[in-house]
Each structure stands twice: as structure tokens, then as C-alpha cells.
Amino acid sequence: FTCRRPKEMYKKIVFMDIDMVILDNTFRLSKSILPNKKIDYDFFFTKEMRRTYKVIRGALKGLNIIRKKYKICFLTSRPIKTSSFTYECLKTKKLITKTENIKFVSNRLKKIGVLKRWKKKTFIFVDDLKYNYQSGEAQDDIELIGKLKKNDIKYHKFESWRELIKTYF
């Protein structure tokens, strides 16, 4: 984790999930489901599908409010091979700055390792805390929530930007 500006070295970090917190991927997901209910990631991350992303209402304004006091690090369980796609998507929609990072982990539970490593410098972890969107009925991620609690990691179950900003910022 490198900070490019000295004052950012002292800022606490807000770790943000991307999908369903920053970007709504429900349309893209609906077009990428295989008959076995798995996601066709090769199609899911095409340039054609990138255009279907919608920024979640309030995300840009909310990110800018958070940036005034905190450093933002995006934390996602998207496949690492999508790193360029992900960065370009966030950059095109003006959702990431040059000093911000995206950390990729191989699955949602691996987020815990990153959060444990950065726990002392972390203000909060923001995630929708759901999984299995491809089934049509996303489920609360009880396992991830349990691990966050067990490791005493401060988190927020994202519902809306208005509620997040009102509660913490």
C-alpha cells in the first residue's frame, strides 16, 4: 500500500467493495448467467458489458465526501484478470482517483486477510455483504459477517449511500 501524498499517510482507510456498493451490475449479471447458474466471467467482463454498468445513486458524491477525511481503497473479489477492466470502468465513471488502489482477492472470504493486515489503519469496511446474486435471490453473507465480527473488524452493511454518509460521515 503506497501513499503518494504525505498527508494521506496519516488518513485512516475506508475499504469499499465495488459491486452493488459503487456499481450496479444486476443487468450485466442477468446477461451472463450460464444454464448451470454459474457466471460466464469471459462475457461478464467484456467491453460491451462495461457500458451496461450503472453507478449506484449517490456513489460519486458519497466517495467525494469520504475522500475529504479518509483514504479509499477498493477491495473486491473480482478475478485478478479483470484488474484493467475494473480500473478503466471506475476511471471512466470518475469513481477512482490516481492515489487510490484496488485490492483483488480470490474470493469474498479472503477480504478478511486484507482487513486484518490493515486493521489499525482502517476506519471501516463497506460492503453489501451478500452473495449468490446469480441465483436471482442474493443471500446475506452470514459467513463473512461472522468472520468480520470474530476479528473485530468494523464494517457497514451497505444499503444506500444516503444512509452510509448520514451514519458515518
Side-chain angles (χ1 to χ4, degrees), residues 1-26 28 45 50 53-131 133 138 140-169:
F1 212 96
T2 57
C3 297
R4 295 185 182 158
R5 296 186 314 213
K7 71 178 182 179
E8 286 195 2
M9 290 174 61
Y10 304 105
K11 286 184 175 183
K12 288 264 187 177
I13 302 165
V14 174
F15 282 95
M16 306 283 305
D17 185 30
I18 296 172
D19 294 313
M20 304 312 292
V21 174
I22 308 294
L23 297 172
D24 183 336
N25 64 0
T26 50
R28 188 173 63 115
F45 291 107
R50 183 186 316 164
Y53 267 119
K54 291 191 170 138
V55 176
I56 291 184
R57 185 176 184 205
L60 184 57
K61 182 178 179 183
L63 288 169
N64 287 331
I65 289 169
I66 293 169
R67 285 181 182 113
K68 290 177 183 175
K69 290 187 177 181
Y70 300 95
K71 182 171 177 56
I72 294 173
C73 181
F74 298 97
L75 179 58
T76 183
S77 56
R78 290 174 169 210
I80 189 71
K81 69 180 184 180
T82 69
S83 60
S84 294
F85 173 95
T86 300
Y87 179 79
E88 286 304 315
C89 188
L90 293 174
K91 183 179 163 194
T92 300
K93 297 182 182 298
K94 298 178 176 29
L95 296 166
I96 191 168
T97 68
K98 290 179 182 178
T99 60
E100 292 169 347
N101 298 303
I102 306 171
K103 293 213 176 283
F104 292 83
V105 292
S106 57
N107 67 61
R108 70 192 201 290
L109 298 176
K110 298 271 179 149
K111 291 178 180 182
I112 297 296
V114 173
L115 295 167
K116 281 171 60 176
R117 236 173 317 186
W118 291 95
K119 187 174 174 181
K120 288 183 181 177
K121 291 199 70 160
T122 299
F123 173 65
I124 198 164
F125 168 54
V126 180
D127 195 306
D128 63 319
L129 296 170
K130 292 186 183 284
Y131 74 105
Y133 281 96
D140 285 342
D141 197 339
I142 303 302
E143 189 175 7
L144 181 57
I145 293 168
K147 288 182 181 286
L148 290 165
K149 287 179 180 179
K150 179 183 174 190
N151 288 284
D152 197 29
I153 295 168
K154 186 177 177 183
Y155 69 92
H156 176 78
K157 186 176 187 295
F158 181 82
E159 298 289 334
S160 75
W161 276 94
R162 182 180 201 159
E163 176 245 357
L164 174 66
I165 297 301
K166 184 178 179 182
T167 305
Y168 296 101
F169 307 99

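Counting begins at 1 with the first residue of the sequence.
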Problem set entry | Considering all heavy atoms, the nearest L75-F125 contact | CD2-CE1, 4.0 Å
Exercise. Can you check side chain to side chain contact (heavy atoms under 4.5 Å, CB included) on T122 and I153, steps first, answer last?
Worked result: CA-CA 9 Å; T122 299; I153 295 168; 5.7 Å; no
Problem set entry | Distance in Å, I80 CD1 paired with T82 OG1, rounded so as to fall on 0.5 Å steps | 7.0 Å
For this session: Apply side chain to side chain contact (heavy atoms under 4.5 Å, CB included) to K94 and list each qualifying residue two or more places apart in sequence or on a separate chain.
Result: none
Problem set entry | side-chain hydrogen bond (donor to acceptor under 3.5 Å, both in side chains) contacts touching residues 16-25 (sequence neighbours left out) | D17-K111, D19-N25, D19-R78, D24-T26
For this session: Apply the test side chain to side chain contact (heavy atoms under 4.5 Å, CB included) to residues Y155 and D127: give CA-CA distance (whole Å), side-chain angles for both, the deciding distance (0.1 Å), then the verdict.
Result: CA-CA 8 Å; Y155 69 92; D127 195 306; over 6 Å; no
For this session: Could you tell me which residues satisfy side chain to side chain contact (heavy atoms under 4.5 Å, CB included) with K119, sequence neighbours excluded, listed by chain and number?
Result: D152
Exercise. Looking only at heavy atoms, which two atoms of R67 and E100 are closest? And how far apart?
Worked result: NE-OE2, 2.6 Å
For this session: Determine, for K157 against D140, whether the closest basic-nitrogen to carboxylate-oxygen distance falls under 4.0 angstrom.
Result: yes
Could you tabulate the donor-acceptor pairs under 3.5 Å formed by side-chain atoms of residues 162-169, not counting sequence neighbours?
unit_1 : atom_1 : unit_2 : atom_2 : d
E163   : OE1    : H156   : NE2    : 3.3
T167   : OG1    : E163   : O      : 2.7

For this session: Would you check, one step at a time, whether the test side chain to side chain contact (heavy atoms under 4.5 Å, CB included) holds for N151 with L115?
Result: CA-CA 9 Å; N151 288 284; L115 295 167; over 6 Å; no
Problem set entry | Those residues that, when tested against K68, pass side chain to side chain contact (heavy atoms under 4.5 Å, CB included) (two or more places apart) | none
Exercise. In Å and rounded to the nearest 0.5 Å, what is the CG to OH distance from L144 to Y131?
Worked result: 10.5 Å
Problem set entry | NZ on K121 to CD1 on I13, rounded to 0.5 Å | 5.5 Å
For this session: Go through the steps to decide whether K12 and Y70 satisfy the test side chain to side chain contact (heavy atoms under 4.5 Å, CB included), and finish with yes or no.
Result: CA-CA 5 Å; K12 288 264 187 177; Y70 300 95; 3.8 Å; yes
Seminar exercise, completed: Checking K147, R108, K130 against D141 for side chain to side chain donor-acceptor pair (under 3.5 Å), the one that qualifies is R108
Seminar exercise, completed: Scanning both residues in full, the closest heavy-atom pair of W161 with R57 reads CD1-O, 3.5 Å
Problem set entry | Minimum heavy-atom distance A59-I22, with the two atoms named | CB-O, 4.0 Å
Problem set entry | Nearest heavy atoms of L23 and K93, plus distance in Å | CD2-CD, 4.0 Å
Exercise. Taking all non-hydrogen atoms of both residues, which atom of V21 and which atom of D128 are closest, and how far apart?
Worked result: CG2-N, 3.6 Å
Seminar exercise, completed: Sequence neighbours excluded, the answer for side chain to side chain contact (heavy atoms under 4.5 Å, CB included) partners of K110 is V105, S106, N107
Exercise. At what distance, to the nearest 0.5 angstrom, does CD1 of I66 lie from CD1 of I72?
Worked result: 5.0 Å
Exercise. Roughly how far, to the nearest 0.5 Å, is the CG atom of L90 from the OH atom of Y53?
Worked result: 8.5 Å
Seminar exercise, completed: CG (L148) and CG (L109) are apart, to the nearest 0.5 Å, by 9.5 Å
